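Heads up: the structure comes next, in structure tokens.
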Amino acid sequence: MSTKRGLGFMLLLTLLLLIAFIYNNNLVYLLCFLLASLFFITILHTVNSLQGLRVKAGQSVDIFAGELAENILIVDNPDRTDHYSVQFGLGWVGRLCSLLILRSNKVSVSVWRNELKSSWLVCD
């Protein structure tokens, strides 16, 4: 699933490509293809750096509306490579937790979220 920032970047690339078509400008073609290649290479490096990690939901406690919810994630690294600066968070709320996951190691991560209403939070 794409983020708003990624979709905005794709919209920018589409707009640059349309400008290059209309004005037949080779420098805009160069800029558009350079930015697109950086975009796809970044996706490739992100997938490569997260490959092999197993993330499972841990046991969380019940809370009431208006309290901070602690969501526990268990990250298992069965590979023989270290994973540097892996960030965990719940996206639009709270802070990101950045950590180093060493080879053949299991790490427990606590991600906090302020619950404003009663609901179920499902971590799959």
Side-chain angles (χ1 to χ4, degrees):
M1 183 158 99
S2 298
T3 61
K4 288 182 183 179
R5 194 174 291 170
L7 290 175
F9 192 75
M10 292 297 287
L11 182 68
L12 172 76
L13 288 177
T14 305
L15 184 66
L16 279 175
L17 193 61
L18 285 175
I19 289 171
F21 284 155
I22 292 171
Y23 292 110
N24 198 15
N25 191 339
N26 289 334
L27 288 177
V28 178
Y29 277 120
L30 176 72
L31 178 66
C32 180
F33 292 135
L34 176 72
L35 289 176
S37 65
L38 286 175
F39 181 71
F40 291 119
I41 287 173
T42 304
I43 292 173
L44 178 71
H45 281 287
T46 302
V47 168
N48 192 22
S49 68
L50 295 177
Q51 187 175 12
L53 289 180
R54 297 180 192 153
V55 180
K56 292 189 277 185
Q59 184 68 33
S60 298
V61 297
D62 296 332
I63 63 161
F64 293 105
E67 294 180 348
L68 279 175
E70 178 185 17
N71 300 299
I72 298 172
L73 301 174
I74 300 169
V75 183
D76 185 20
N77 183 12
D79 294 339
R80 292 185 300 180
T81 57
D82 297 334
H83 295 274
Y84 301 99
S85 187
V86 179
Q87 294 184 350
F88 291 93
L90 291 175
W92 62 96
V93 292
R95 292 180 295 190
L96 294 176
C97 176
S98 179
L99 59 123
L100 166 70
I101 304 170
L102 298 175
R103 66 188 79 161
S104 301
N105 199 1
K106 191 178 281 190
V107 178
S108 178
V109 181
S110 294
V111 182
W112 295 89
R113 176 180 169 167
N114 191 5
E115 288 294 328
L116 299 177
K117 62 179 184 173
S118 296
S119 64
W120 290 93
L121 179 66
V122 179
C123 294
D124 290 331

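Predicted, not measured: the structure shown is a model, and the values here were computed from it.
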Show me the side-chain donor-acceptor pairs of residues 8-37 shorter than 3.5 Å, one per line, residues at least two apart or across chains.
residue	atom	partner	partner atom	Å
T14	OG1	M10	O	2.9
N25	OD1	L27	N	3.1
S37	OG	F33	O	3.2
S37	OG	L34	O	2.8

In residues 38-52, what donor-acceptor pairs under 3.5 Å come from side-chain atoms, sequence neighbours left out?
residue	atom	partner	partner atom	Å
T42	OG1	L38	O	2.6
T46	OG1	T42	O	2.8
S49	OG	H45	O	3.3
S49	OG	T46	O	3.0

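With hydrophobic clusters built from ILVMFWY side chains whose heavy atoms lie under 4.5 angstrom apart, L99 shares a cluster with V55. No single ILVMFWY cluster, assembled from side-chain heavy atoms under 4.5 Å apart, contains both I72 and F88.
Counting all heavy atoms, side chain and backbone alike, H83 lies closest to N77 at CD2-ND2, 3.2 Å.
For the atom pair OG (S110) and CG (N71), the distance works out to 9.0 Å, reported to the nearest 0.5 Å.
Paired with D82 under the rule side chain to side chain contact (heavy atoms under 4.5 Å, CB included), one option of I101, L102, N105 passes, and it is L102.
Applying the salt bridge (Lys or Arg N to Asp or Glu O under 4.0 Å) test to residues at least two apart or on different chains, the pairs with a partner in residues 34-59 are R54-D76.
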